[in-house]
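All remarks here apply to the structure that follows.
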Amino acid sequence: MTDHEQQQAPGRGKILEALARAERKVFTRPAPKSAKAQMKFLLTRAKGSAKALAERLGVSRHTVERYWAGTLTTPQKRLRAALVEETESEWRPQVRAQARAAAISRGMMVEVTAYFGFTCTGSSDDGRERQITTDLSPTYVKQILEFQEAGATEKDLHPIIAEAITESCFTE
């Protein structure tokens with residue numbers, strides 16, 4: 001892909017973020033926000049093992065204990081990012097599973113910005129950005145979510161999503 005094509009497709013690297021945002025919308029309760037509440041939640045998920053949680057977060061066991069006790073309250077950027085990421089990945093797994101099952105059985109509505117046009121310059125056929133809102137079929141949703149769970153990158157997911165949008169918009 002040329003630099004020009006990449007510039008013409010803004011937001012292309014945000015597929016995984018959008019899927020995570022869609023999952024968070026189905027949560028009935030928000031995830032813990034403070035460092036103490038996040039540590040408490042993650043410690044319960046780690047079955048009370050401060051050592052195991054410290055290894056996951058990349059900090060010492062004493063640091064975990066200090067945040068849990070409330071003696072430390074504002075984590076550094078790296079720890080803050082790790083806390084948010086771990087908390088969101090562990091938060092409400094049953095609700096997340098139900099939302100995924102519903103999306104696989106019914107399909108998913110997506111909204112994307114796409115670039116359409118011909119290669120002729122200087123005419124009314126010049127390419128333009130368009131907002132497209134369309135339903136993806138359950139077959140593609142299942143494939144997208146399976147790839148995401150398998151650890152697919154943005155680059156891996158993009159062709160599947162492009163094919164799904166092409167099918168839903170431009171074929172009968």
Side-chain angles (χ1 to χ4, degrees), residues 6 9-113 131 133-165:
Q6 287 177 346
R12 185 175 266 186
K14 299 181 181 179
I15 296 169
L16 294 172
E17 293 166 13
L19 288 171
R21 237 185 356 264
E23 281 182 340
R24 283 194 301 270
K25 283 185 179 181
V26 300
F27 294 152
T28 54
R29 289 188 325 211
K33 299 284 186 230
S34 72
K36 181 178 179 177
Q38 289 172 332
M39 283 292 184
K40 183 178 177 184
F41 169 72
L42 291 172
L43 270 171
T44 58
R45 297 303 250 171
K47 297 182 173 78
S49 172
K51 182 179 179 182
L53 179 58
E55 288 175 7
R56 280 175 52 190
L57 297 174
V59 295
S60 71
R61 180 180 55 86
H62 295 294
T63 301
V64 170
E65 291 168 350
R66 288 184 196 120
Y67 279 104
W68 182 69
T71 55
L72 292 177
T73 55
T74 52
Q76 295 177 353
K77 287 182 182 180
R78 188 182 58 77
L79 179 56
R80 162 62 53 208
L83 280 171
V84 169
E85 182 180 329
E86 288 293 325
T87 302
E88 286 183 357
S89 70
E90 295 276 334
W91 187 246
R92 312 275 296 183
Q94 292 174 335
V95 173
R96 179 178 283 124
Q98 289 171 353
R100 284 175 169 265
I104 288 171
S105 66
R106 288 182 269 178
M108 180 188 309
M109 177 74 71
V110 296
E111 183 175 306
V112 296
T113 302
Q131 256 337 91
T133 303
T134 186
D135 280 319
L136 298 184
S137 72
T139 308
Y140 283 109
V141 173
K142 181 179 180 183
Q143 192 176 8
I144 291 166
L145 294 177
E146 286 174 351
F147 269 61
Q148 181 195 20
E149 287 177 6
T153 63
E154 300 279 335
K155 198 173 187 177
D156 299 332
L157 288 172
H158 189 266
I160 299 165
I161 292 174
E163 183 180 329
I165 292 170

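Residues take their numbers from the sequence shown, with the count starting at 1.
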Worksheet item: Does the pair Glu111 and Thr134 meet the rule for a side-chain contact (heavy atoms from CB on, under 4.5 Å), with working shown?
Response: CA-CA 7 Å; Glu111 183 175 306; Thr134 186; over 6 Å; no
Item to complete: Just do the side-chain contact (heavy atoms from CB on, under 4.5 Å) check on Glu55 and Arg61 with the steps written out, would you?
Response: CA-CA 8 Å; Glu55 288 175 7; Arg61 180 180 55 86; over 6 Å; no
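Each of Glu88, Glu90, Arg80, Lys33 was compared with Gln38 under the side-chain hydrogen bond (donor to acceptor under 3.5 Å, both in side chains) criterion, and only Arg80 meets it. Partner Leu53 forms a side chain to side chain contact (heavy atoms under 4.5 Å, CB included) with one of Thr63, Leu42, Val59 and no other, that one being Leu42.
Under 3.5 Å, the side chains of Arg92 and Gln98 contain no donor-acceptor pair of N or O atoms.
With a 6.0 Å radius and a threshold of 12 heavy atoms from other residues, nucleotides or ligands, Glu149 has its CD atom above the threshold. More than 12 heavy atoms of other residues, nucleotides or ligands lie within 6.0 Å of CZ in Phe41, so this atom counts as buried by the packing criterion.
A pairwise comparison of heavy atoms in Tyr140 and Ile160 identifies CD2-O, 4.1 Å as the closest pair. Heavy-atom minimum distance, Gly58 versus Arg78: O-NH2, 3.4 Å. Here the closest non-hydrogen pair linking Pro138 and Gly107 is CG-N, 3.7 Å. Nearest heavy-atom pair across Ala31 and Thr87 is CB-CG2, 4.1 Å. Residues Ala69 and Lys36 share a closest heavy-atom pair of O-NZ, 4.1 Å. What you find for Val141 and Ala103 is that their closest heavy atoms are CG1-O, 3.5 Å.
Under 4.0 Å is where a charged nitrogen must lie from a carboxylate oxygen, and between Arg45 and Glu86 no such pair does.
Leu79 places a side-chain heavy atom less than 4.5 Å from the side chain of Tyr67. For the pair Leu83 and Met39, the minimum side-chain heavy-atom distance is below 4.5 Å. Counting only heavy atoms from C-beta outward, the side chains of Thr133 and Gln131 never approach each other to under 4.5 Å. A heavy-atom distance below 4.5 Å is found between the side chains of Trp91 and Pro32. Inter-residue side-chain proximity for Leu136 and Ile144 is flagged as met; some heavy-atom pair is nearer than 4.5 Å.
Rounding to the nearest 0.5 Å places OG1 of Thr71 at 6.5 Å from CZ of Arg66.
No donor-acceptor distance shorter than 3.5 angstrom exists from the side chain of Arg56 to the backbone of Lys51, with no hydrogens or angles considered. The backbone N or O of Ala102 lies less than 3.5 Å from a partner atom in the side chain of Ser105, making a donor-acceptor pair.
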